[in-house]
Amino acid sequence: MKTIISIVLVLCASALGVFYWSLQHQPHQRAQIPVYPVTGQPTATTESTSFPASFNSNEFEAALAATDARLAKDPADTQALLDKALTLAQMGSLQFKERTLGDQALLLVDQVLRGDPSNVQALALKGYVYEIEQAYTDAHKYYDLALAIDPTNADTLAHKGHAYLLQGDVNTAENYFARSLRNKSNNLLSLCGMAKLNAGRSKYDLAKGQFLYVCDHSTNHRETAEACYSAALLSPVATASALDDADRLLQISIRTDPTYANAYVERAKRSFLKAARMADPHQQQLSIGGSFKDLRRALNINSNLSIAHLQLARQLYAINGNRVEDVNKIIKYLPDIIDRDITLDKTEKEVMRQVTKSLINNL
(Lines give C-alpha, C1' and ligand atoms only; values in the text may rest on other atoms or scores of the structure.)
Protein backbone atom coordinates (compact mmCIF):
# COMPACT_ATOMS: atom_id res chain seq x y z
CA MET A 1 0.00 0.00 0.00
CA LYS A 2 2.94 2.36 0.61
CA THR A 3 3.89 1.76 -3.01
CA ILE A 4 0.41 2.82 -4.07
CA ILE A 5 0.68 5.99 -2.03
CA SER A 6 4.06 7.03 -3.40
CA ILE A 7 3.15 6.34 -7.03
CA VAL A 8 -0.19 8.11 -6.70
CA LEU A 9 1.45 11.25 -5.34
CA VAL A 10 3.90 11.32 -8.24
CA LEU A 11 1.28 10.66 -10.91
CA CYS A 12 -1.19 13.19 -9.61
CA ALA A 13 1.38 15.99 -9.77
CA SER A 14 0.99 16.34 -13.57
CA ALA A 15 -1.94 17.61 -15.63
CA LEU A 16 -4.82 15.15 -15.98
CA GLY A 17 -6.31 16.23 -19.25
CA VAL A 18 -7.31 19.85 -19.21
CA PHE A 19 -5.00 22.76 -18.73
CA TYR A 20 -6.15 23.65 -15.19
CA TRP A 21 -6.96 20.26 -13.69
CA SER A 22 -3.97 20.09 -11.39
CA LEU A 23 -3.44 23.73 -10.47
CA GLN A 24 -1.67 24.04 -7.15
CA HIS A 25 -2.83 27.40 -5.80
CA GLN A 26 -4.44 28.75 -2.69
CA PRO A 27 -8.21 29.29 -2.44
CA HIS A 28 -9.46 32.68 -3.63
CA GLN A 29 -12.50 34.79 -2.93
CA ARG A 30 -15.33 34.95 -5.45
CA ALA A 31 -14.67 37.49 -8.19
CA GLN A 32 -17.03 40.26 -9.17
CA ILE A 33 -19.36 39.88 -12.15
CA PRO A 34 -19.61 41.01 -14.92
CA VAL A 35 -16.21 40.66 -16.52
CA TYR A 36 -16.53 43.56 -18.95
CA PRO A 37 -17.92 46.97 -18.03
CA VAL A 38 -21.29 47.54 -19.62
CA THR A 39 -22.47 51.03 -20.46
CA GLY A 40 -26.09 51.63 -19.61
CA GLN A 41 -28.58 48.81 -19.10
CA PRO A 42 -27.95 45.39 -20.70
CA THR A 43 -30.01 45.09 -23.86
CA ALA A 44 -32.09 41.99 -24.36
CA THR A 45 -31.73 40.25 -27.70
CA THR A 46 -34.76 40.00 -29.93
CA GLU A 47 -34.87 36.23 -29.70
CA SER A 48 -33.05 33.62 -27.65
CA THR A 49 -30.75 31.38 -29.65
CA SER A 50 -29.06 29.74 -26.67
CA PHE A 51 -28.86 25.96 -26.75
CA PRO A 52 -27.74 24.73 -23.30
CA ALA A 53 -27.56 20.96 -23.25
CA SER A 54 -29.32 18.69 -20.80
CA PHE A 55 -28.15 15.13 -21.23
CA ASN A 56 -30.63 13.28 -19.03
CA SER A 57 -32.08 10.37 -21.03
CA ASN A 58 -35.45 10.64 -19.32
CA GLU A 59 -35.57 14.33 -20.19
CA PHE A 60 -34.74 13.46 -23.79
CA GLU A 61 -37.56 10.95 -24.01
CA ALA A 62 -40.00 13.38 -22.41
CA ALA A 63 -38.89 16.22 -24.69
CA LEU A 64 -39.25 14.12 -27.83
CA ALA A 65 -42.66 12.87 -26.74
CA ALA A 66 -43.82 16.42 -26.06
CA THR A 67 -42.64 17.77 -29.42
CA ASP A 68 -44.10 14.79 -31.28
CA ALA A 69 -47.45 15.46 -29.61
CA ARG A 70 -47.32 19.10 -30.70
CA LEU A 71 -46.36 18.11 -34.24
CA ALA A 72 -49.18 15.57 -34.37
CA LYS A 73 -51.59 18.46 -33.84
CA ASP A 74 -49.77 20.82 -36.20
CA PRO A 75 -47.02 19.35 -38.43
CA ALA A 76 -45.96 22.88 -39.39
CA ASP A 77 -45.45 24.11 -35.81
CA THR A 78 -42.16 25.97 -36.24
CA GLN A 79 -41.18 26.05 -32.59
CA ALA A 80 -41.97 22.36 -32.15
CA LEU A 81 -39.79 21.49 -35.15
CA LEU A 82 -36.89 23.52 -33.73
CA ASP A 83 -37.36 22.09 -30.23
CA LYS A 84 -37.23 18.56 -31.61
CA ALA A 85 -34.16 19.42 -33.70
CA LEU A 86 -32.41 20.77 -30.60
CA THR A 87 -33.19 17.62 -28.61
CA LEU A 88 -31.87 15.38 -31.40
CA ALA A 89 -28.72 17.51 -31.69
CA GLN A 90 -28.07 17.23 -27.95
CA MET A 91 -28.58 13.48 -28.08
CA GLY A 92 -26.11 13.31 -30.95
CA SER A 93 -23.51 15.29 -29.00
CA LEU A 94 -23.77 12.88 -26.07
CA GLN A 95 -23.24 9.94 -28.41
CA PHE A 96 -20.20 11.63 -29.97
CA LYS A 97 -20.70 12.39 -33.62
CA GLU A 98 -23.75 10.17 -34.05
CA ARG A 99 -24.38 11.59 -37.49
CA THR A 100 -27.80 10.00 -37.90
CA LEU A 101 -29.23 12.13 -35.11
CA GLY A 102 -27.43 15.22 -36.37
CA ASP A 103 -28.79 14.65 -39.87
CA GLN A 104 -32.31 14.29 -38.47
CA ALA A 105 -31.88 17.59 -36.64
CA LEU A 106 -30.66 19.33 -39.79
CA LEU A 107 -33.65 18.04 -41.79
CA LEU A 108 -36.04 19.57 -39.27
CA VAL A 109 -34.17 22.88 -39.24
CA ASP A 110 -34.12 22.99 -43.04
CA GLN A 111 -37.87 22.39 -43.05
CA VAL A 112 -38.27 25.57 -41.02
CA LEU A 113 -35.81 27.53 -43.16
CA ARG A 114 -37.59 26.60 -46.37
CA GLY A 115 -40.65 28.41 -45.08
CA ASP A 116 -38.74 31.18 -43.30
CA PRO A 117 -35.15 31.65 -44.59
CA SER A 118 -34.57 34.53 -42.14
CA ASN A 119 -35.52 32.64 -38.98
CA VAL A 120 -32.67 33.62 -36.63
CA GLN A 121 -33.29 30.79 -34.21
CA ALA A 122 -33.22 28.21 -36.99
CA LEU A 123 -30.04 29.62 -38.53
CA ALA A 124 -28.25 29.67 -35.18
CA LEU A 125 -29.48 26.17 -34.36
CA LYS A 126 -28.11 24.89 -37.66
CA GLY A 127 -24.75 26.40 -36.72
CA TYR A 128 -24.97 24.69 -33.34
CA VAL A 129 -25.61 21.27 -34.93
CA TYR A 130 -22.55 21.71 -37.13
CA GLU A 131 -20.52 22.84 -34.12
CA ILE A 132 -21.42 19.63 -32.30
CA GLU A 133 -20.23 17.66 -35.32
CA GLN A 134 -16.98 19.69 -35.34
CA ALA A 135 -17.82 21.02 -38.82
CA TYR A 136 -16.69 24.48 -37.78
CA THR A 137 -16.67 26.09 -41.23
CA ASP A 138 -20.35 25.30 -41.65
CA ALA A 139 -21.05 26.27 -38.02
CA HIS A 140 -19.57 29.74 -38.51
CA LYS A 141 -21.41 30.12 -41.83
CA TYR A 142 -24.80 29.78 -40.17
CA TYR A 143 -23.88 31.73 -37.06
CA ASP A 144 -22.84 34.56 -39.40
CA LEU A 145 -26.13 34.34 -41.30
CA ALA A 146 -28.00 34.63 -37.99
CA LEU A 147 -25.83 37.55 -36.88
CA ALA A 148 -26.33 39.34 -40.21
CA ILE A 149 -30.02 39.52 -39.31
CA ASP A 150 -29.59 40.13 -35.56
CA PRO A 151 -26.01 41.36 -34.95
CA THR A 152 -26.51 42.01 -31.24
CA ASN A 153 -27.91 38.61 -30.34
CA ALA A 154 -25.86 37.75 -27.26
CA ASP A 155 -26.59 34.04 -27.45
CA THR A 156 -25.49 33.65 -31.06
CA LEU A 157 -22.35 35.67 -30.36
CA ALA A 158 -21.63 33.42 -27.39
CA HIS A 159 -22.06 30.24 -29.43
CA LYS A 160 -19.81 31.54 -32.19
CA GLY A 161 -17.21 32.38 -29.56
CA HIS A 162 -17.54 28.89 -28.11
CA ALA A 163 -16.92 27.37 -31.54
CA TYR A 164 -13.72 29.39 -31.85
CA LEU A 165 -12.71 28.30 -28.36
CA LEU A 166 -13.10 24.66 -29.37
CA GLN A 167 -10.92 25.37 -32.39
CA GLY A 168 -8.21 26.80 -30.16
CA ASP A 169 -8.55 30.38 -31.46
CA VAL A 170 -8.73 32.00 -28.02
CA ASN A 171 -8.32 35.60 -29.19
CA THR A 172 -11.26 35.45 -31.59
CA ALA A 173 -13.28 33.54 -29.01
CA GLU A 174 -12.63 36.26 -26.44
CA ASN A 175 -13.73 38.93 -28.92
CA TYR A 176 -17.11 37.24 -29.42
CA PHE A 177 -17.59 36.60 -25.72
CA ALA A 178 -16.86 40.28 -25.06
CA ARG A 179 -19.38 41.39 -27.71
CA SER A 180 -21.95 39.05 -26.22
CA LEU A 181 -21.39 40.40 -22.71
CA ARG A 182 -21.58 44.00 -23.88
CA ASN A 183 -25.07 43.28 -25.19
CA LYS A 184 -26.13 41.10 -22.28
CA SER A 185 -23.83 41.37 -19.26
CA ASN A 186 -25.06 38.17 -17.62
CA ASN A 187 -24.94 35.87 -20.63
CA LEU A 188 -23.97 32.64 -18.93
CA LEU A 189 -22.41 30.86 -21.90
CA SER A 190 -20.09 33.81 -22.49
CA LEU A 191 -19.21 33.96 -18.80
CA CYS A 192 -18.29 30.28 -18.90
CA GLY A 193 -16.17 30.89 -21.98
CA MET A 194 -14.39 33.81 -20.35
CA ALA A 195 -13.85 31.73 -17.22
CA LYS A 196 -12.09 29.05 -19.26
CA LEU A 197 -9.89 31.68 -20.89
CA ASN A 198 -9.07 33.26 -17.54
CA ALA A 199 -8.18 29.87 -16.06
CA GLY A 200 -5.80 29.29 -18.95
CA ARG A 201 -4.18 32.66 -18.19
CA SER A 202 -3.70 31.79 -14.51
CA LYS A 203 -6.41 34.23 -13.41
CA TYR A 204 -7.80 31.60 -11.08
CA ASP A 205 -9.78 33.82 -8.72
CA LEU A 206 -11.61 35.53 -11.57
CA ALA A 207 -12.26 32.23 -13.35
CA LYS A 208 -13.62 30.50 -10.28
CA GLY A 209 -15.81 33.48 -9.47
CA GLN A 210 -17.28 33.41 -12.96
CA PHE A 211 -18.00 29.68 -12.77
CA LEU A 212 -19.61 30.10 -9.35
CA TYR A 213 -21.76 32.93 -10.69
CA VAL A 214 -23.07 30.64 -13.43
CA CYS A 215 -23.51 27.82 -10.93
CA ASP A 216 -25.63 30.12 -8.74
CA HIS A 217 -27.72 31.72 -11.48
CA SER A 218 -28.29 29.14 -14.20
CA THR A 219 -31.68 27.44 -14.38
CA ASN A 220 -30.39 24.78 -16.78
CA HIS A 221 -29.27 21.51 -15.24
CA ARG A 222 -26.33 20.83 -17.54
CA GLU A 223 -25.07 24.41 -17.43
CA THR A 224 -25.16 24.38 -13.62
CA ALA A 225 -23.43 21.01 -13.47
CA GLU A 226 -20.65 22.12 -15.82
CA ALA A 227 -20.08 25.38 -13.95
CA CYS A 228 -19.88 23.72 -10.52
CA TYR A 229 -17.57 21.06 -11.93
CA SER A 230 -15.30 23.69 -13.47
CA ALA A 231 -15.19 25.61 -10.18
CA ALA A 232 -14.20 22.38 -8.44
CA LEU A 233 -11.30 21.97 -10.87
CA LEU A 234 -9.99 25.31 -9.69
CA SER A 235 -9.99 24.19 -6.05
CA PRO A 236 -6.45 23.10 -5.13
CA VAL A 237 -5.73 19.57 -3.94
CA ALA A 238 -3.05 20.55 -1.43
CA THR A 239 -5.29 20.99 1.63
CA ALA A 240 -8.11 19.06 3.25
CA SER A 241 -10.38 22.13 3.30
CA ALA A 242 -9.83 22.66 -0.42
CA LEU A 243 -10.67 19.03 -1.12
CA ASP A 244 -13.86 19.43 0.92
CA ASP A 245 -14.76 22.56 -1.07
CA ALA A 246 -14.26 20.68 -4.33
CA ASP A 247 -16.28 17.73 -3.04
CA ARG A 248 -19.17 20.05 -2.21
CA LEU A 249 -19.15 21.55 -5.70
CA LEU A 250 -18.93 18.12 -7.33
CA GLN A 251 -21.86 16.91 -5.24
CA ILE A 252 -23.91 19.85 -6.49
CA SER A 253 -22.85 19.06 -10.05
CA ILE A 254 -23.81 15.39 -9.81
CA ARG A 255 -27.03 16.06 -7.91
CA THR A 256 -28.09 18.69 -10.47
CA ASP A 257 -27.33 16.47 -13.47
CA PRO A 258 -26.66 12.81 -12.53
CA THR A 259 -25.62 12.08 -16.12
CA TYR A 260 -22.76 14.60 -16.25
CA ALA A 261 -19.87 12.16 -16.61
CA ASN A 262 -17.02 14.64 -16.12
CA ALA A 263 -18.01 15.27 -12.51
CA TYR A 264 -17.73 11.56 -11.69
CA VAL A 265 -14.22 11.50 -13.18
CA GLU A 266 -13.07 14.45 -11.09
CA ARG A 267 -14.61 12.94 -7.95
CA ALA A 268 -12.82 9.68 -8.75
CA LYS A 269 -9.50 11.49 -9.05
CA ARG A 270 -9.97 13.26 -5.73
CA SER A 271 -11.08 10.06 -3.97
CA PHE A 272 -7.89 8.42 -5.20
CA LEU A 273 -5.86 11.34 -3.86
CA LYS A 274 -7.60 11.08 -0.48
CA ALA A 275 -6.81 7.37 -0.32
CA ALA A 276 -3.12 8.16 -0.66
CA ARG A 277 -3.33 10.31 2.48
CA MET A 278 -5.27 7.86 4.64
CA ALA A 279 -3.60 5.95 7.44
CA ASP A 280 -6.39 3.41 7.90
CA PRO A 281 -6.00 0.63 5.27
CA HIS A 282 -9.70 -0.19 5.39
CA GLN A 283 -10.74 3.41 4.72
CA GLN A 284 -8.10 3.61 2.04
CA GLN A 285 -9.55 0.60 0.24
CA LEU A 286 -13.06 2.04 0.49
CA SER A 287 -11.90 5.32 -1.03
CA ILE A 288 -10.08 3.54 -3.87
CA GLY A 289 -13.13 1.36 -4.51
CA GLY A 290 -15.36 4.43 -4.64
CA SER A 291 -12.97 6.02 -7.09
CA PHE A 292 -13.16 3.10 -9.53
CA LYS A 293 -16.93 2.98 -9.11
CA ASP A 294 -17.18 6.62 -10.18
CA LEU A 295 -15.04 5.93 -13.24
CA ARG A 296 -17.34 3.06 -14.18
CA ARG A 297 -20.32 5.40 -13.82
CA ALA A 298 -18.67 7.95 -16.09
CA LEU A 299 -17.86 5.37 -18.77
CA ASN A 300 -21.34 3.88 -18.56
CA ILE A 301 -22.71 7.34 -19.32
CA ASN A 302 -20.20 8.05 -22.08
CA SER A 303 -17.89 5.27 -23.20
CA ASN A 304 -15.90 7.74 -25.33
CA LEU A 305 -14.96 10.18 -22.56
CA SER A 306 -11.19 10.44 -22.90
CA ILE A 307 -10.50 11.90 -19.45
CA ALA A 308 -12.21 8.89 -17.86
CA HIS A 309 -10.09 6.44 -19.85
CA LEU A 310 -6.91 8.30 -18.98
CA GLN A 311 -7.71 8.48 -15.28
CA LEU A 312 -8.57 4.77 -15.28
CA ALA A 313 -5.22 3.96 -16.91
CA ARG A 314 -3.33 6.04 -14.38
CA GLN A 315 -5.08 4.46 -11.41
CA LEU A 316 -4.55 0.94 -12.73
CA TYR A 317 -0.89 1.76 -13.28
CA ALA A 318 -0.56 3.13 -9.75
CA ILE A 319 -2.12 0.06 -8.16
CA ASN A 320 -0.85 -2.76 -10.37
CA GLY A 321 2.76 -1.64 -10.70
CA ASN A 322 4.39 -4.00 -13.19
CA ARG A 323 1.09 -5.55 -14.22
CA VAL A 324 0.32 -3.12 -16.99
CA GLU A 325 -1.68 -5.29 -19.38
CA ASP A 326 -4.94 -3.43 -18.67
CA VAL A 327 -3.15 -0.10 -18.93
CA ASN A 328 -1.76 -1.02 -22.34
CA LYS A 329 -5.23 -1.94 -23.57
CA ILE A 330 -6.51 1.52 -22.66
CA ILE A 331 -3.47 3.38 -24.00
CA LYS A 332 -3.78 1.56 -27.34
CA TYR A 333 -7.07 3.20 -28.29
CA LEU A 334 -6.87 6.39 -26.18
CA PRO A 335 -5.31 8.62 -28.91
CA ASP A 336 -8.24 7.90 -31.23
CA ILE A 337 -10.73 8.65 -28.45
CA ILE A 338 -8.97 11.95 -27.72
CA ASP A 339 -9.23 12.94 -31.38
CA ARG A 340 -12.97 12.23 -31.43
CA ASP A 341 -13.73 13.80 -28.05
CA ILE A 342 -15.84 16.89 -28.76
CA THR A 343 -15.80 17.94 -25.08
CA LEU A 344 -12.16 19.05 -25.49
CA ASP A 345 -10.86 22.05 -27.35
CA LYS A 346 -7.67 21.99 -29.42
CA THR A 347 -5.39 22.98 -26.52
CA GLU A 348 -6.92 20.46 -24.14
CA LYS A 349 -6.54 17.67 -26.68
CA GLU A 350 -2.84 18.46 -27.00
CA VAL A 351 -2.44 18.34 -23.20
CA MET A 352 -4.22 14.99 -23.16
CA ARG A 353 -1.86 13.65 -25.82
CA GLN A 354 1.19 14.79 -23.84
CA VAL A 355 -0.08 13.21 -20.61
CA THR A 356 -0.79 9.98 -22.50
CA LYS A 357 2.74 9.98 -23.94
CA SER A 358 4.16 10.54 -20.45
CA LEU A 359 2.24 7.57 -19.12
CA ILE A 360 3.42 5.41 -22.03
CA ASN A 361 7.02 6.39 -21.31
CA ASN A 362 6.60 5.25 -17.71
CA LEU A 363 5.31 1.78 -18.62
Side-chain angles (χ1 to χ4, degrees), residues 16-18 20-21 23 27-31 33 50-64 66 86-87 90-91 93-95 186 188-189 191-193 195-196 199 207-237 239-275 283 286-308 311-312 315 343:
L16 185 59
V18 291
Y20 53 84
W21 268 33
L23 298 173
H28 298 283
Q29 297 299 315
R30 182 173 304 194
I33 301 295
S50 182
F51 313 115
S54 180
F55 292 121
N56 186 295
S57 60
N58 292 329
E59 291 180 8
F60 277 147
E61 293 171 4
L64 286 176
L86 174 58
T87 301
Q90 291 171 345
M91 292 172 68
S93 69
L94 178 63
Q95 297 179 29
N186 62 346
L188 300 183
L189 180 59
L191 286 174
C192 279
K196 292 178 181 179
K208 187 172 182 180
Q210 290 163 331
F211 282 130
L212 289 173
Y213 180 89
V214 176
C215 187
D216 290 342
H217 290 80
S218 177
T219 58
N220 176 266
H221 290 175
R222 172 46 60 95
E223 198 168 50
T224 301
E226 288 182 341
C228 291
Y229 159 77
S230 297
L233 294 182
L234 291 170
S235 296
V237 296
T239 65
S241 61
L243 284 171
D244 290 341
D245 179 54
D247 286 345
R248 178 183 63 82
L249 291 168
L250 291 172
Q251 283 297 105
I252 294 173
S253 178
I254 291 170
R255 186 171 64 248
T256 304
D257 186 349
T259 62
Y260 184 45
N262 295 54
Y264 290 107
V265 178
E266 181 64 14
R267 191 169 69 175
K269 185 188 78 170
R270 291 176 181 272
S271 295
F272 209 63
L273 277 171
K274 285 182 179 180
Q283 291 299 319
L286 288 176
S287 187
I288 291 173
S291 178
F292 279 105
K293 186 177 292 185
D294 273 339
L295 289 177
R296 286 196 296 272
R297 288 191 183 108
L299 290 170
N300 282 337
I301 295 169
N302 186 349
S303 61
N304 289 308
L305 190 64
S306 55
I307 57 172
Q311 181 64 17
L312 179 60
Q315 291 186 191
T343 68

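Below, all heavy atoms of this structure are taken into account, side chains as well, without hydrogens, waters or symmetry copies. Please read all numbers here as calculations on a predicted model, not as lab measurements.
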[X] side, atom [atom1]; [Y] side, atom [atom2] - distance, nearest 0.5 Å:
X	Y	atom1	atom2	result
I301	R296	CD1	CZ	13.0 Å
C228	R255	SG	CZ	9.0 Å
Y229	L234	OH	CG	10.5 Å
D245	L250	CG	CG	9.5 Å
Y264	R297	OH	CZ	6.0 Å

Using modelled atom types and a 3.5 Å cut-off, is there a donor and acceptor pairing between side-chain atoms of S218 and backbone atoms of V214?
no
Is any side-chain heavy atom of [X] closer than 4.5 Å to a side-chain heavy atom of [Y]?
X	Y	value
L295	V265	yes
L191	L188	yes
I254	R267	yes
E226	C192	no
I288	F272	yes
N262	L305	yes

Stepwise side-chain contact (heavy atoms from CB on, under 4.5 Å) test for R222 and T259
CA-CA 9 Å; R222 172 46 60 95; T259 62; 4.0 Å; yes
How close do [X] and [Y] get, heavy atom to heavy atom, and via which atoms?
X	Y	result
Y260	A225	CE2-O, 3.7 Å
S271	S287	O-OG, 2.7 Å
A199	A207	N-CB, 3.7 Å
L189	E223	N-OE2, 4.0 Å
Q210	A195	OE1-CA, 3.0 Å
A231	L212	CB-CD2, 3.8 Å

